[in-house]
K.L.:
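Before I ask anything, let me first share the structure, which is written out below as structure tokens.
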Protein chains: 2
Amino acid sequence: MTHVKDKRPYHHGDLRQAVIETAMTMLREGSGSGFKLREVARRAGVSHAAPYKHFADKAALLAEIALIGFDSLRERIIAAQERFSNDIPSALLATSKAYIAFGQENPDLYRLMFGAKIGAAEDVHLDQRALGVFEIVIDLLERGQAAGSIRTRPARGQAAACWAQLHGITMLMLDGLLIPEKVGDDAIEAALETLQEGLSA
Amino acid sequence: MTHVKDKRPYHHGDLRQAVIETAMTMLREGSGSGFKLREVARRAGVSHAAPYKHFADKAALLAEIALIGFDSLRERIIAAQERFSNDIPSALLATSKAYIAFGQENPDLYRLMFGAKIGAAEDVHLDQRALGVFEIVIDLLERGQAAGSIRTRPARGQAAACWAQLHGITMLMLDGLLIPEKVGDDAIEAALETLQEGLSA
DNA sequence: CTAATAATGTTGACGCTGACAACTTTTGTG
DNA sequence: CACAAAAGTTGTCAGCGTCAACATTATTAG
């Protein structure tokens, strides 16, 4: 325990975790273009090369953080659709809104999760933690089909349609491209309505 | 004219245009993350700071190139829907496919056009050259509504829905996120079908 | 036609980044 | 207890975007 004398010990204790948390804090602050590895180290009170003892490179850290993001997104979505257990279309709409809100509240994290900066994007998106979010939607659609409120189509394809629509809305929004003069004042509502109408029986 | 002796003249003649063209070539080559200003200069046979005499900064060059991209996208779309002048749903589908194909064939350019790296995104996307593409879709939808094949809704909102869906599909595709194991083998077709069904009367 | 001036290029620098190698300090185990 | 593995540090490298100072060529005014 290095007899405590206030001076920082040579070893951090749990850098790796500290690095992840610091990086996520910086993402939340929304500096704009993600975070710099060196600045993370600086804030964690450690030298600029220390993180490399825990992560092969920046992409590896990004991948780790992306998975945490998916956990968070998952919770958000589950919470949103909880109170619509039997009204599938409403649950679906709540899910859509939760997804978009997640993006709006965590712009840099969202970009990181679905961006190309991660090294092995496949590994991340096929991980159960990311896959799980997608499966929630598939499940919802299948239940809707069984209940007769959702059009009968392969649910996986419908889920892909949902994902694309939501990702498109979120990205356009984050990049400031949903300009009222161009797309009107309620572009998001319109896009969600079109999606619902394309899915409902 | 500097008596020609094979040696390059001090002045390039038309750098600015050469810079734009070189940059676009590099985008086409798809190095991955856009292009480096210094490398553009290198390829144009000019010093690393020369481009700054023609562009305030990299973002300004990006904006210029983005507009050229919109011209190209516009042509692509017009050509695609030309032979479906009266069958609006088919014209819409052709438009969607052309949009996606444009993204697939010009990944880096597409990312540049709709990405956040441009300084004044608003200026670019409110420019007539970018706005025009969007208006083509609005026009198509209005004609479809008049003909009774498209659901009666504010066309601007429907166009926004189209844009979001197409942007989402394209982005997911470019970022390698449309993994068959996750979304199935025909995710794009499914997404387009859902969109089409959400729009048709 | 010439001299001043504007436009265009070049060189060299600054601060920043991600990454690596070599070295030091601590931890933990045979 | 010795000694290897783990964790942190320092120093360095190449590359980037950008700017200031300087050099060269074009253009225009007198």
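In what follows, chains are A, B, ... by sequence order, proteins preceding strands, each numbered from 1.
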K.L.:
In this structure, how many angstroms lie between the C1' atom of D:dT9 and the CG atom of A:L15, rounded?
P.N.:
13 Å

K.L.:
Can you measure from CG (B:L199) to CD1 (B:I88) and round to the nearest 0.5 angstrom?
P.N.:
12.0 Å

K.L.:
Would you say the base of D:dG15 and the side-chain of B:R38 have a donor-acceptor pair closer than 3.5 Å?
P.N.:
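Side chain to base: no pair below 3.5 Å.
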
K.L.:
Has the side chain of A:K58 got a donor or acceptor that lies under 3.5 Å from a partner of the other kind on the base of C:dG18?
P.N.:
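No.
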
K.L.:
Reading DNA chain D from 5' onward, which residue's closest nucleotide shows up sooner: A:A50 or B:E39?
P.N.:
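By nearest-heavy-atom nucleotide position, the 5'-most residue is A:A50.
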
K.L.:
Would you say the side chains of B:Q128 and B:E135 form a donor-acceptor pair under 3.5 Å?
P.N.:
yes

K.L.:
Please answer whether the main-chain N or O of B:S85 pairs with a side-chain N or O of B:R143 as donor and acceptor at a distance below 3.5 Å.
P.N.:
yes

K.L.:
From CZ of A:R42 over to P of C:dG15, roughly how many Å is that when rounded to an integer?
P.N.:
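One finds 14 Å between P of C:dG15 and CZ of A:R42, rounded.
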
K.L.:
What's the OH-P distance between A:Y52 and C:dT17, to the nearest Å?
P.N.:
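Computing the A:Y52:OH to C:dT17:P distance gives 11 Å.
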
K.L.:
So for atom CD, which belongs to B:E29, do other residues, nucleotides or ligands contribute more than 12 heavy atoms lying within a distance under 6.0 Å?
P.N.:
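Enclosed.
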
K.L.:
Take the protein atom CG of A:D14 and the nucleotide atom C1' of C:dT27, then report the distance between them rounded to whole Å.
P.N.:
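That distance rounds to 15 Å.
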
K.L.:
May I have the distance from B:F55 (atom CZ) to D:dG17 (atom P), rounded to whole angstrom?
P.N.:
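Spelled out: CZ on B:F55 to P on D:dG17 is 14 Å.
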
K.L.:
Could you say whether A:L37 or A:K53 is positioned toward the 5' end of DNA chain C, judged by the nucleotide with the nearest heavy atom to each?
P.N.:
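Nearest nucleotide further toward 5': that of A:L37.
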
K.L.:
Please determine whether any donor N or O and acceptor N or O are separated by less than 3.5 Å between the side chain of B:R16 and the base of C:dT8.
P.N.:
no

K.L.:
Ignoring hydrogens and angles, does a donor from either the side chain of B:H48 or the base of C:dG12 sit under 3.5 Å from an acceptor on the other?
P.N.:
yes

K.L.:
Could you check whether A:E142 and A:Q158, counting side-chain N and O atoms only, form a donor-acceptor pair closer than 3.5 Å?
P.N.:
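No, no side-chain donor-acceptor pair sits under 3.5 Å.
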
K.L.:
Looking for any heavy atom pair under 4.0 Å, which part of the strands does B:K36 touch: base, sugar-phosphate only, or nothing?
P.N.:
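Sugar-phosphate, backbone atoms only, no base.
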
K.L.:
Using a cut-off of strictly less than 4.0 Å, decide whether A:H54 has a side-chain nitrogen or oxygen near OP1 or OP2 of D:dA6.
P.N.:
no

K.L.:
Tell me the interatomic distance from A:K117, atom NZ, to C:dG18, atom P, rounded to whole angstroms.
P.N.:
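These atoms are roughly 11 Å apart.
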
K.L.:
In whole angstroms, how far is the C1' atom of C:dA19 from the CG atom of A:L61?
P.N.:
14 Å

